[in-house]
Number of protein chains: 2
Amino acid sequence: MPTSRRTTLKDLARELGVSTATVSNAFNRPDQLSPKLREHILSEARRLGYRGPDAKARSLRTGRSRIIAVVLAESLTYSLNDAVASELLSGVAEVLDAHGHTLLLLSGRQHEAQVNGSSSIADGFIVYGLMPSLMLLEELPLPGQRPLVAVDFDLEGQPTVHVDDEPACYAIARHALKTPPRRPAVINLRLTKHPCNARIASDQELLPADRTITRARLAGFHQAFAEHAIDPASVPMWNIEENTHEVCAPVVAEILDLPDEERPDLLLCMSDRIALTVVTLAEQRGLRIPEDLRVTGFDGIAEGQYRAPRLTTVRQDSVEKGRIAARMVLGLEPAEPRLLRTELLIGDSCP
Amino acid sequence: MPTSRRTTLKDLARELGVSTATVSNAFNRPDQLSPKLREHILSEARRLGYRGPDAKARSLRTGRSRIIAVVLAESLTYSLNDAVASELLSGVAEVLDAHGHTLLLLSGRQHEAQVNGSSSIADGFIVYGLMPSLMLLEELPLPGQRPLVAVDFDLEGQPTVHVDDEPACYAIARHALKTPPRRPAVINLRLTKHPCNARIASDQELLPADRTITRARLAGFHQAFAEHAIDPASVPMWNIEENTHEVCAPVVAEILDLPDEERPDLLLCMSDRIALTVVTLAEQRGLRIPEDLRVTGFDGIAEGQYRAPRLTTVRQDSVEKGRIAARMVLGLEPAEPRLLRTELLIGDSCP
DNA sequence: GCTGCTAACTAAATCGTTAAAGATAACCAC
DNA sequence: GTGGTTATCTTTAACGATTTAGTTAGCAGC
């Protein structure tokens with residue numbers, strides 16, 4: 001007996017004196033053979049250490065792998081540590097799991113050859129927050145071949161899952177402006193042409209088409225500003241390239257360390273992560289929230305609601321977003337554009 | 001021209017009037033054909049919408065998929081939201097990424113057929129914190145076939161990556177006991193035979209072999225207890241089945257709501273997540289930390305260090321654990337047992 | 001002009017399955 | 001006894017690549 005080679009379906013068939021088709025049927029179509037023979041085949045398989053049809057061969061033959069790829073805009077390392085991306089993945093995983101599929105993680109930051117190489121194995125794609133400028137989509141399968149669902153960005157001709165960023169940001173800004181701030185400011189996420197963690201001029205430096213979410217959110221803010229006769233150009237804006245405490249901290253410190261008469265007393269942040277960093281650094285400096293400084297976030301991550309002051313924020317259900325995207329890609333629900341509702345969460349950071 | 005079918009290497013070869021081998025070589029072995037022809041093939045491929053060799057067929061033929069599977073003990077939904085598991089995945093992803101591999105996520109909680117079905121596609125496995133009792137390993141490929149690295153648990157005959165749980169817990173307990181507590185207690189993670197979020201008798205209910213980490217940690221605590229003549233049996237122990245705020249909160253509330261003379265004044269927690277829940281709920285009840293209650297954690301997650309009181313904890317480098325496991329499974333470093341050092345982090349929750 | 005060598009390409013086998021179509025025997029109704 | 005079903009299993013042809021072992025042509029050396 002040849003030692004090292006893996007037992008195959010053919011080996012098993014030969015050993016049992018039946019055809020390979022019958023063994024295959026024993027595993028895949030119980031109704032195609034007698035229960036007795038099936039039982040016999042299965043027990044012999046176990047005895048000979050055959051663990052069932054090989055996924056590589058099966059997927060080649062059937063064209064299906066039961067693998068769904070999630071393509072993430074950022075590096076996997078980053079995405080896995082980001083609460084929102086993790087929640088999205090959770091939702092995706094939950095649905096895939098329940099339907100016998102597994103999850104392949106790809107990053108838009110990977111070398112295109114790799115993405116392309118492994119991507120042809122997936123039955124479908126969920127693409128998350130990709131910057132169109134990445135051009136990665138050229139590497140992905142042609143539309144119509146295998147399902148693709150875009151999350152948090154627009155991709156022509158493809159179904160998308162979004163939240164109502166603009167009205168949500170209008171609502172939270174309107175709430176915040178009820179108490180008129182003397183010096184409102186915005187802390188932004190990823191909107192610039194060139195990586196930049198610093199103050200930016202309100203209008204320049206913006207990307208023209210990318211990052212549609214951020215632009216929609218800004219539009220919401222501006223609408224509320226207009227109602228209070230605040231000139232958007234007069235509202236300073238800082239930018240942060242990566243949604244991590246480490247990257248946020250220096251920028252936030254710069255803001256909080258401004259002289260009293262320049263320091264903003266209302267910070268509209270594009271994410272809870274940023275807002276939490278503001279809270280932490282403000283505490284360290286003895287600034288009281290909300291008395292000295294009011295802060296709003298976006299996302300509604302759990303961490304923002306555990307401890308005082310609870311964040312005032314917009315809660316989006318990222319888990320549900322993931323679930324919907326997964327169901328669409330599996331064909332369990334119609335693949336049409338979906339806009340999820342958000343919820344204004346009024347916490348203590350901006351009552 | 002037949003419309004819908006995907007262009008294959010064979011189509012391309014026919015179109016170009018060359019053999020399939022040559023086209024294959026154009027993609028895989030540039031040195032096997034003239035640069036001129038290669039260029040021609042590549043440009044025609046682009047023109048005809050051929051995106052390179054199909055991963056399914058390639059992996060069947062070569063036996064390699066450039067996919068590494070990470071098998072997680074818990075559900076994916078849980079694991080993706082757990083800071084420690086996420087960090088591990090980060091580390092794994094970082095290395096795989098750098099070496100042109102991708103990450104397939106499997107859960108030990110999935111139906112075995114699924115795990116087995118998709119698992120045969122992976123080139124190697126990283127198994128994280130699996131309970132041996134799950135017996136999942138029977139479903140995984142035989143040792144010696146494809147590399148397998150166990151993280152945070154022992155698996156006979158397989159390389160493992162661990163941290164020094166026992167000495168670490170000895171060290172943190174010894175530190176905590178320097179200020180003699182009147183009523184020390186332990187909050188445990190997953191050690192019971194039957195799911196249980198409640199107080200447990202110190203000795204019964206323990207799993208005999210599973211969860212070797214937790215047992216090692218307890219051993220470390222007990223060693224420190226012994227030095228202070230504390231009878232381990234006199235130290236109450238609560239148990240928590242899942243490392244989430246939601247599951248922790250009721251148990252922690254139960255502890256903190258004990259009458260003053262019964263409430264522990266030192267809580268040794270098996271994870272930072274638990275410790276953070278203690279901090280949050282203690283704050284809500286007006287209990288001062290560390291004056292009224294001292295708390296220690298384990299893991300050293302970032303969230304525990306952002307805000308006051310910073311947790312006293314054992315920092316383990318889960319990212320590095322992931323990196324090492326990934327390098328082992330890729331054969332970039334010898335697949336031998338590794339024991340990583342931890343670091344005692346003295347914060348404000350137990351100075 | 002013959003031999004040997006290299007560069008550039010091709011033919012054919014193979015990877016481990018599944019699916020469509022075929023074969024065989026048993027059973028049944030009339 | 002004939003024709004029609006069924007149930008059960010087999011034959012055979014893919015699926016889309018890679019790889020081994022050629023084949024051919026061109027050229028150098030003697």
Side-chain angles (χ1 to χ4, degrees), chain A residues 2 4-41 45 48-66 116-123 141 145-146, chain B residues 2 4-41 45 48-66 116-123 141 145-146:
Chain A
S4 64
R5 214 170 49 76
R6 196 170 168 268
T7 322
T8 71
L9 188 143
K10 204 195 281 186
D11 298 335
L12 187 53
R14 197 187 320 105
E15 191 81 13
L16 284 164
V18 299
S19 75
T20 61
T22 300
V23 179
S24 174
N25 284 333
F27 283 96
N28 301 312
R29 311 182 165 187
D31 56 311
Q32 294 292 303
L33 73 175
S34 67
K36 201 177 115 194
L37 179 57
R38 181 174 129 93
E39 202 42 62
H40 181 221
I41 291 175
L48 294 173
Y50 179 70
R51 298 170 177 287
D54 178 75
K56 296 190 273 284
R58 179 207 288 249
S59 70
L60 171 59
R61 178 59 232 238
T62 62
R64 257 157 294 110
S65 60
R66 302 186 83 75
N116 191 29
S118 338
S119 75
S120 58
I121 214 161
D123 290 346
Q145 301 247 28
R146 280 168 294 176
Chain B
S4 65
R5 212 169 51 77
R6 195 169 169 269
T7 323
T8 72
L9 188 143
K10 203 196 282 186
D11 299 334
L12 187 53
R14 196 185 322 104
E15 191 82 13
L16 285 163
V18 298
S19 77
T20 62
T22 300
V23 179
S24 174
N25 283 333
F27 283 96
N28 302 311
R29 311 181 166 190
D31 57 312
Q32 294 292 303
L33 72 174
S34 67
K36 200 177 117 196
L37 178 57
R38 181 174 129 94
E39 204 41 64
H40 181 222
I41 291 176
L48 295 173
Y50 178 71
R51 299 171 175 286
D54 178 76
K56 296 191 274 283
R58 178 206 287 249
S59 69
L60 170 60
R61 180 59 235 238
T62 63
R64 257 158 291 108
S65 60
R66 302 187 83 78
N116 191 29
S118 338
S119 75
S120 58
I121 214 161
D123 291 346
Q145 301 246 29
R146 278 169 295 176

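We use all heavy atoms of the structure for the numbers below, so side chains are in, but hydrogens, waters and symmetry mates are not. None of these values were measured; they are calculated from a predicted model. Throughout, protein chains are lettered first and strands after them, A, B, ... in sequence-line order, and every chain is numbered starting at 1.
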Atom CG of Leu60(B) and atom P of dC15(D): how far apart are they, to the nearest Å?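 Roughly 14 Å, once rounded to whole Å.
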Could you pull out all residues at least two apart from Arg61(B) that satisfy side-chain contact (heavy atoms from CB on, under 4.5 Å)?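 For Arg61(B), no residue satisfies side-chain contact (heavy atoms from CB on, under 4.5 Å) once neighbours in sequence are set aside.
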In whole angstrom, give the distance that lies between atom CZ of Arg14(B) and atom P of dG16(D).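 The distance from CZ of Arg14(B) to P of dG16(D) comes to 12 Å, rounded to the nearest Å.
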Whole angstrom value for the distance that separates P of dC15(C) from CD1 of Ile121(B):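 Value for this atom pair: 18 Å.
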Whole-Å distance separating the CZ atom of Arg64(B) from the P atom of dA17(D):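 After rounding, the reported distance stands at 17 Å.
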Need the bend value for the helix from dG1(C)-dC30(D) to dC30(C)-dG1(D): angle between end axes, 5 pairs each end, nearest 10°.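 Here the local axes at opposite ends form an angle of 40°.
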Select base, sugar-phosphate, or nothing to describe what Phe27(B) touches, counting heavy atoms under 4.0 Å on all strands.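 No contact at all - Phe27(B) keeps every heavy atom at 4.0 Å or more from the nucleic acid.
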For Arg29(B) and dC9(C), what is the distance between atoms CZ and P respectively, to the nearest whole Å?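 Computing the Arg29(B):CZ to dC9(C):P distance gives 15 Å.
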If you only use heavy atoms from C-beta on, which nucleotide in dG16(D), dT17(C), dT18(D) is closest to the side chain of Ala57(B)?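 Looking only at side-chain atoms, Ala57(B) lies closest to dG16(D).
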Checking Ala45(B) now: which residues fulfil side-chain contact (heavy atoms from CB on, under 4.5 Å) with it, not counting sequence neighbours?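 Partners of Ala45(B) under the side-chain contact (heavy atoms from CB on, under 4.5 Å) test: Leu12(B), Phe27(B), Tyr50(B).
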Residues that Glu15(A) engages under side-chain contact (heavy atoms from CB on, under 4.5 Å), provided they are two or more places apart: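 Partners of Glu15(A) by the side-chain contact (heavy atoms from CB on, under 4.5 Å) criterion, ordered by chain and then number, come out as Leu48(A).
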How would you list, by chain and number, every residue that makes a side-chain hydrogen bond (donor to acceptor under 3.5 Å, both in side chains) with Asn25(B), sequence neighbours excluded?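 So Asn25(B) forms no side-chain hydrogen bond (donor to acceptor under 3.5 Å, both in side chains) with any residue.
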Return a table of donor-acceptor pairs under 3.5 angstrom between the side chains of residues 30-38 of chain B and protein atoms on other chains or two or more places apart.
| from | atom 1 | to | atom 2 | distance (Å) |
| --- | --- | --- | --- | --- |
| Ser34(B) | OG | Leu37(B) | N | 3.3 |
| Arg38(B) | NH1 | Ala26(B) | O | 2.4 |

Nearest of dT18(C), dT17(C), dT18(D) to any side-chain atom of Ser24(A)?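 The closest nucleotide is dT18(C).
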What about Arg61(A): does its side chain form a donor-acceptor pair under 3.5 Å with the base of dT17(C)?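 Between dT17(C) and Arg61(A), which were checked side chain against base, a qualifying N/O pair under 3.5 Å is absent.
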Dump every N/O contact between nucleotides 6-12 of chain D and the protein below 3.5 Å, one line per pair.
| from | atom 1 | to | atom 2 | distance (Å) |
| --- | --- | --- | --- | --- |
| dC9(D) | OP2 | Ser34(A) | N | 2.8 |
| dC9(D) | OP2 | Ser34(A) | OG | 3.4 |
| dT10(D) | OP2 | Ser19(A) | N | 2.9 |
| dT10(D) | OP2 | Ser19(A) | OG | 3.0 |
| dT10(D) | OP2 | Thr22(A) | OG1 | 2.7 |

Arg58(B) side-chain proximity, nearest of dT18(D), dT17(C), dG16(D):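 Of the options given, the side chain of Arg58(B) lies nearest dT18(D).
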Can you tell me how far C1' of dC15(D) sits from CG of Leu9(B), to the nearest Å?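 So the two atoms are 13 Å apart, to the nearest Å.
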Quick check against the 3.5 Å criterion: does Arg146(B) have a side-chain atom that pairs as donor or acceptor with the backbone of Ala122(B)?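 Between the backbone of Ala122(B) and the side chain of Arg146(B) there is a qualifying donor-acceptor contact (under 3.5 Å).
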Given dG16(C), dT19(D), dT17(C), the nucleotide with the shortest approach to the side chain of Thr62(B):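 Closest of the options to the side chain of Thr62(B): dT19(D).
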Are any side-chain N or O atoms of Lys56(A) and backbone N or O atoms of Ser120(B), one a donor and one an acceptor, separated by less than 3.5 Å?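 Here the side-chain-to-backbone pair exists.
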Using the side-chain hydrogen bond (donor to acceptor under 3.5 Å, both in side chains) criterion, which residues pair with Thr20(A)? Sequence neighbours excluded.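 Testing Thr20(A) for side-chain hydrogen bond (donor to acceptor under 3.5 Å, both in side chains), a comparison that skips the adjacent residues, returns none.
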Whole-Å distance separating the OH atom of Tyr50(B) from the C1' atom of dG16(D):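 My rounded result for the distance is 8 Å.
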Starting at CG of Asp54(A) and ending at P of dC15(C), how long is that distance when rounded to a whole Å?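 It works out to 12 Å between those atoms.
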Go through the structure and list residues passing side-chain contact (heavy atoms from CB on, under 4.5 Å) with Ser24(B), not counting sequence neighbours.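 For Ser24(B), the residues satisfying side-chain contact (heavy atoms from CB on, under 4.5 Å) (neighbours in sequence not counted) are Leu9(B), Asn28(B).
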